[in-house]
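The structure under discussion appears below in the form of structure tokens.
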There are 2 protein chains.
Amino acid sequence: MPRHPNKKRAPGRPRHGTLTRELILKRALGLMDREGFEAITMRRLADHLGVTPMALYNHVRSKKDLFGSIAEYLTTQINFDCDEPDWRDRISTCFRRLRDACLAHPSAVHLMESLEAAPPAVFRPMEITLAALDEIGVTGKDAVRIYFLLMNFTMGQLSYEIRGPFESLDPAQALAGSRLKGAEFAYIQRSVSFAEWDFDSAFDFGLSVILNGAEQISARRTKSRAGRRARTT
Amino acid sequence: MPRHPNKKRAPGRPRHGTLTRELILKRALGLMDREGFEAITMRRLADHLGVTPMALYNHVRSKKDLFGSIAEYLTTQINFDCDEPDWRDRISTCFRRLRDACLAHPSAVHLMESLEAAPPAVFRPMEITLAALDEIGVTGKDAVRIYFLLMNFTMGQLSYEIRGPFESLDPAQALAGSRLKGAEFAYIQRSVSFAEWDFDSAFDFGLSVILNGAEQISARRTKSRAGRRARTT
DNA sequence: ACCTGAACACCGTTCAAGT
DNA sequence: ACCTGAACACCGTTCAAGT
């Protein structure tokens, strides 16, 4: 619904600016949250702001720019930092906060996926992860790999969780009407009931598996260093 | 370019069917591979087939249906099965084949992400994973969690790899013109050079970390079973 | 059954014209 | 500087009309 439904504004610059870049971003995010990512249209957003579609182009270069800016607005609001002494806790809470932010805005993942360049703020989790891993002697390629493992898992599960994959993931539903026989999926059907799936604990499980992997690398490195020391002395 | 550029076809049914559902799917996939996911348009696809846009609707319910069918066509062609004796190898090659298929069709990941329901064939990796894990005593919730870890990691890294994230992931480029200072990303800048990043080995690394996690659970379970046995006897 | 042509209700974006 | 209105080049899809 437009803000001025009855009194139509005449052309020309209004006395006080009705539009701001920030207002546009906020309203766009709100519209996205309520009506979904696909619903965001320059025309619909303009309508929502009580304004002509073209008015948006005074504050935003293009739709791509708009989406990029929303993502930046969203990610810069996340506080990734915390002062836990344990390196595992620092990494965990960092990705948990990212996850929480994305769950709070159901279209956030879809939005991120649509971007060609990630907003700069998402480098914070990377920096925090690399710093924490450095503490236990995991550096270089291995550290970056652990980071990607964490990031890809986090975003991947979010993607599943948000679009409610379990209407389509429930084998009973997904297999219905397909050429594949249900008999070929014996283990799936015998597995845990999808109705009682808990994404939160699955996420914590995933984090701990990956961080255990980091710890193993750490142990291996210190051992091989000790081995080298023993040989040289 | 249309197939009949000069001799325009008159309305009415042609003597031999020019269009098939399969032909449409194949050409759409080809067009997607060459010109990208966004380039796929009912009108452009029709043009490519030398046909009116509406002709497609005789073989395809909608654009959504078209995309779903392409995904199904693509995934059913993947051979996930192999007869390696080692459970780790069976899981690894299964996901490696999924990965190879997606890398062969650069828009495949984008296509999958756009679907509301995954094509049934992607349940094969789940079945194979659950079966292999069952062999080492990892079942139920834990097994499904391991599967999701593998699947989310695989698709997540593919997503990064395909859209060539490293123009935007290179901190030097991504941080340029942003409000975030480069000094806040000391560990990133000190980390491995993005130019020499190897996705293939990063993928193998990820798989082995996750499968190590599965092995740890297996060991923990057999130990606790042994403990229970010792206490009861 | 299978194709065309016209039409409908949308898109993002440019451009000239207003104040 | 900031908004409007008309226009352009696109979309997906429906529907009647052809054979």
Side-chain angles (χ1 to χ4, degrees), chain A residues 1-25 27-28 31-32 35-70 110-111 114-116, chain B residues 1-25 27-28 31-32 35-70 110-111 114-116:
Chain A
M1 58 208 86
R3 283 214 302 181
H4 312 293
N6 26 18
K7 44 173 163 175
K8 224 172 205 168
R9 213 184 0 261
R13 181 184 191 184
R15 288 186 300 286
H16 56 281
T18 29
L19 242 46
T20 333
R21 190 180 165 86
E22 222 203 308
L23 180 66
I24 293 176
L25 299 184
R27 297 283 235 136
L31 197 60
M32 234 171 65
E35 307 191 14
F37 181 73
E38 314 282 346
I40 290 280
T41 284
M42 296 303 271
R43 293 175 122 101
R44 276 164 64 93
L45 177 57
D47 220 57
H48 197 71
L49 285 156
V51 112
T52 280
M54 318 320 138
L56 301 175
Y57 286 88
N58 290 312
H59 304 89
V60 146
R61 204 182 308 277
S62 64
K63 201 188 181 188
K64 259 182 195 165
D65 178 37
L66 172 68
F67 281 165
S69 302
I70 298 173
H110 204 108
L111 172 70
S114 79
L115 265 41
E116 17 195 73
Chain B
M1 59 207 82
R3 284 214 300 182
H4 311 291
N6 27 18
K7 43 173 163 174
K8 219 172 207 169
R9 210 181 6 255
R13 181 185 191 183
R15 287 188 298 287
H16 56 282
T18 29
L19 242 45
T20 334
R21 190 181 165 87
E22 223 203 308
L23 180 67
I24 294 176
L25 299 185
R27 298 282 235 136
L31 197 61
M32 231 170 67
E35 307 191 14
F37 180 73
E38 314 281 346
I40 291 280
T41 283
M42 295 305 271
R43 293 174 121 102
R44 276 165 63 93
L45 177 57
D47 221 58
H48 197 69
L49 285 156
V51 112
T52 280
M54 318 319 137
L56 301 175
Y57 286 90
N58 290 312
H59 305 87
V60 145
R61 204 182 308 278
S62 65
K63 200 186 181 188
K64 260 183 194 164
D65 178 36
L66 172 68
F67 281 165
S69 302
I70 298 172
H110 204 107
L111 173 69
S114 79
L115 265 41
E116 14 196 75

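Below, chain A is the first sequence line, B the second, and so on; all start at residue 1.
Listed by chain and residue number, B:Glu116 satisfy the salt bridge (Lys or Arg N to Asp or Glu O under 4.0 Å) test with B:Lys64 (two or more places apart in sequence, or in another chain). The side-chain contact (heavy atoms from CB on, under 4.5 Å) search around A:Phe37 returns A:Met32, A:Phe67, A:Ser107, A:His110, A:Leu111, A:Ser114, not counting sequence neighbours. With sequence neighbours left out, the side-chain contact (heavy atoms from CB on, under 4.5 Å) criterion links A:Asp65 to A:Arg21, A:Val60, A:Arg61, A:Ser62, A:Ser69.
Summarising the geometry of A:Ala28 relative to A:Leu66, their closest heavy-atom pair is CB-CD1, 4.5 Å, with the distance given to 0.1 Å.
Under the 4.5 Å side-chain criterion, counting only non-hydrogen atoms from C-beta, A:Ile70 is not in contact with A:Ile40.
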So what does the secondary structure string of DNA chain D come out as, 5' to 3', with Watson-Crick or wobble pairs under 3.5 angstrom, [ ] for crossing and | for pairs with another strand? ||.|||||...|||||.||
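Here D:dT4 presents its C1' atom at 13 Å from CG of A:Leu56, a figure rounded to the nearest Å. As rounded to whole Å, 13 Å separates atom P of C:dC2 from atom CZ of B:Arg21. The distance from atom CG of A:Leu49 to atom P of D:dT4 is 11 Å, rounded to the nearest whole Å.
Summarising the geometry, atom CG belonging to A:Leu19 is positioned 5.0 Å from atom NE2 belonging to A:His59; distances are rounded to the nearest 0.5 Å. Note that CG of A:Leu45 is 7.0 Å distant from CD1 of A:Ile24, once rounded to the nearest 0.5 Å.
The phosphate of D:dA1 (OP1 or OP2) has no side-chain N or O of A:Asn58 nearer than 4.0 angstrom. Remark: A:His59 is not in phosphate contact with D:dA1, judged by side-chain N or O atoms under 4.0 Å from OP1 or OP2.
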Could you write nucleotides 6-12 of chain D as a row of B, S and -, 5' to 3', where a protein heavy atom under 4.0 Å of any base atom gives B, of only sugar-phosphate atoms gives S, and otherwise -? BB---BB
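Among residues at least two apart or in separate chains, salt bridge (Lys or Arg N to Asp or Glu O under 4.0 Å) pairs with a member in residues 36-45 of chain A are A:Glu35-A:Arg44.
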